[in-house]
Amino acid sequence: MSKQIKEFFNQWNIYKKVIKHNYMFHLEIFQILQDFLNQHKHQHLLDLGCGDAFHMARILKNSQITNYYGVDLSEIALEEAQQNLAIVNCDKQFIQANLIEFIATQQARFDIIIAGYSIHHLTLTEKEEFFAQARIALKPGGYLLIYDIVRREDETKSDYFDRWWKYCSNNWNAMTSEELILIKEHIYNNDYPESFTVLNQIAMKQQYQKVESLYKDYFYELYCFSL
């Protein structure tokens with residue numbers, strides 16, 4: 001991941017505003033995540049790209065989780081995550097790190113790994129490495145949950161960006177023009193969205209046993225890859 005990505009997310013108030021106004025459908029996605037976590041054993045949870053964990057804290061408040069690892073590039077977001085997750089009664093660790101570097105060197109094993117709006121920053125080769133390392137980091141029978149930007153099957157990366165920007169510029173009304181330009185520059189210069197077919201092919205190559213779509217809208221999707 002580039003230095004530019006880290007610098008963008010250190011301007012945390014921009015992304016915080018996106019979350020507050022539900023522009024990337026965090027409310028809908030986290031409702032599904034809460035239902036999923038309520039149905040599955042999840043004592044050890046790794047949250048990659050955890051941000052300030054505002055919604056995660058809400059859905060974990062009454063859970064049976066015993067260990068939470070939150071990983072993010074933004075120091076500011078991690079400081080807020082510690083405050084937000086104070087309501088969750090479990091052992092917690094917060095790590096400022098590149099998600100691939102972290103997962104490749106981490107010795108702990110997890111029931112569930114969640115990667116939220118983060119792997120689109122990885123190149124195709126890096127995504128393959130990520131899926132491989134996540135498989136190693138999961139316990140037998142574990143789950144990798146990814147919610148992210150996903151291209152349509154017949155869509156190029158440029159087509160996706162143009163379609164997204166048209167929607168964003170017309171509907172993200174709480175953002176200032178300066179904030180919108182920063183967001184556009186970040187997306188066009190640092191993001192590598194894939195189609196579901198590509199993600200599924202990577203997962204099958206790494207011997208994940210099953211993939212299930214849990215949420216889908218015009219731009220964002222939530223998938224569960226299980227062992």
Side-chain angles (χ1 to χ4, degrees), residues 1 5-6 8-20 22 24 26-122 130-131 133-148 214 222-227:
M1 290 185 186
I5 295 174
K6 183 176 179 180
F8 176 80
F9 283 106
N10 275 331
Q11 303 176 71
W12 188 249
N13 283 337
I14 295 178
Y15 195 63
K16 198 172 180 178
K17 190 183 289 189
V18 171
I19 296 173
K20 176 182 177 181
N22 201 37
M24 295 177 71
H26 284 81
L27 285 174
E28 291 82 356
I29 289 169
F30 272 86
Q31 181 59 58
I32 293 170
L33 284 174
Q34 182 173 31
D35 294 341
F36 184 92
L37 295 178
N38 287 340
Q39 296 171 20
H40 297 83
K41 180 180 179 182
H42 57 285
Q43 292 182 327
H44 294 78
L45 175 64
L46 173 59
D47 188 8
L48 297 171
C50 66
D52 62 14
F54 175 79
H55 288 295
M56 186 62 72
R58 174 176 57 82
I59 70 172
L60 292 181
K61 182 178 180 181
N62 298 313
S63 72
Q64 301 301 312
I65 186 174
T66 59
N67 295 85
Y68 173 89
Y69 285 66
V71 179
D72 203 276
L73 280 173
S74 172
E75 180 180 2
I76 297 170
L78 286 171
E79 290 174 356
E80 295 191 18
Q82 293 184 56
Q83 298 173 14
N84 288 330
L85 282 159
I87 63 174
V88 180
N89 183 26
C90 71
D91 291 331
K92 296 179 280 282
Q93 294 191 41
F94 300 91
I95 306 99
Q96 184 181 11
N98 174 303
L99 65 89
I100 285 188
E101 292 175 357
F102 174 82
I103 203 170
T105 57
Q106 179 55 229
Q107 298 301 309
R109 294 294 176 264
F110 303 94
D111 300 301
I112 292 178
I113 297 174
I114 297 176
Y117 290 129
S118 53
I119 72 164
H120 65 266
H121 292 129
L122 306 178
F130 170 76
F131 271 84
Q133 295 295 341
R135 191 182 191 286
I136 294 171
L138 283 168
K139 296 179 181 179
Y143 301 94
L144 170 61
L145 291 147
I146 295 175
Y147 61 92
D148 218 313
L214 303 181
L222 167 62
Y223 294 109
C224 174
F225 302 89
S226 56
L227 297 184

Can you tell if the side chain of L227 reaches within under 4.5 Å of the side chain of R135, non-hydrogen atoms only?
->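 The answer is yes; the side chains approach within 4.5 Å.
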Decide side chain to side chain contact (heavy atoms under 4.5 Å, CB included) for I112 and F36; before the verdict, give the C-alpha distance in whole Å, the side-chain angles of both, and the deciding distance to 0.1 Å.
-> CA-CA 11 Å; I112 292 178; F36 184 92; 3.9 Å; yes
Between the side chain of D47 and the main-chain N/O of Y69, is any donor-acceptor distance below 3.5 Å?
->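 Checked: no pair found.
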Under 3.5 Å, is there a donor-acceptor pair between the D35 and Q31 side chains?
->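 On atom types as modelled, these side chains qualify, holding a pair under 3.5 Å.
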Name all residues meeting the salt bridge (charged side-chain N to carboxylate O under 4.0 Å, His left out) criterion together with K92; count only those two or more places apart in sequence or in a different chain, and write none if there are none.
->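 With sequence neighbours excluded, K92 shows a salt bridge (charged side-chain N to carboxylate O under 4.0 Å, His left out) to no residue whatsoever.
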Test Q93 against N67 for side-chain hydrogen bond (donor to acceptor under 3.5 Å, both in side chains), laying out the working first.
-> CA-CA 8 Å; Q93 294 191 41; N67 295 85; over 6 Å; no
Quick one: salt bridge (charged side-chain N to carboxylate O under 4.0 Å, His left out) partners of D148, sequence neighbours excluded?
->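 Testing D148 for salt bridge (charged side-chain N to carboxylate O under 4.0 Å, His left out), a comparison that skips the adjacent residues, returns none.
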Results of ring-ring contact (aromatic ring centres under 6.0 Å, His included) for F130 - residues two or more places apart only =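 Here no residue qualifies.
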Can F54 and K16 be said to form a side chain to side chain contact (heavy atoms under 4.5 Å, CB included), step by step?
-> CA-CA 9 Å; F54 175 79; K16 198 172 180 178; over 6 Å; no
Donor-acceptor contact present, side-chain N84 to main-chain A57, <3.5 Å =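 Not a single qualifying donor-acceptor pair exists.
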Check salt bridge (charged side-chain N to carboxylate O under 4.0 Å, His left out) between K61 and all other residues, then give those that pass, not counting sequence neighbours.
->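 With sequence neighbours excluded, K61 shows a salt bridge (charged side-chain N to carboxylate O under 4.0 Å, His left out) to no residue whatsoever.
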Taking every non-hydrogen atom, the tightest pair across L85 and A53 =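 That would be CD1-CB, 3.6 Å.
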Is there a side-chain contact between I146 and F225 (heavy atoms, below 4.5 Å)?
->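 Side-chain contact under 4.5 Å: yes.
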Is there side-chain contact between I113 and L145, with heavy atoms separated by less than 4.5 Å?
->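 In short, these two side chains do not touch, never coming nearer than 4.5 Å.
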If you measure from CD1 on I103 to CG on L138, what distance do you get to the nearest 0.5 Å?
->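 Taking CD1 in I103 and CG in L138, the distance rounds to 7.0 Å.
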Between D72 and F94, is any pair of side-chain heavy atoms under 4.5 Å apart?
->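 When only atoms from C-beta onward are counted, F94 and D72 do not touch, as no gap falls below 4.5 Å.
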Side chains of L33 and Y147: does their closest heavy-atom pair fall under 4.5 Å?
->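 A side-chain contact exists here, since the closest heavy-atom pair is under 4.5 Å.
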Which pairs with one or both residues in residues 93-115 pass salt bridge (charged side-chain N to carboxylate O under 4.0 Å, His left out), sequence neighbours excluded?
->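 Found D111-K139.
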Salt bridge (charged side-chain N to carboxylate O under 4.0 Å, His left out) partners of E79, counting only residues at least two apart |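 Listed in chain order: nothing, the list is empty.
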Is there a side-chain contact between L27 and H55 (heavy atoms, below 4.5 Å)?
->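 Yes; the side chains approach each other to less than 4.5 Å.
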Under the ring pair (Phe, Tyr, Trp, His ring centres under 6.0 Å) criterion, do Y117 and H26 qualify, and how do the steps go?
-> CA-CA 10 Å; Y117 290 129; H26 284 81; 5.3 Å; yes
Does Q43 offer a backbone N or O that forms a donor-acceptor pair with the side chain of T66 under 3.5 Å?
->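 A pair under 3.5 Å: yes.
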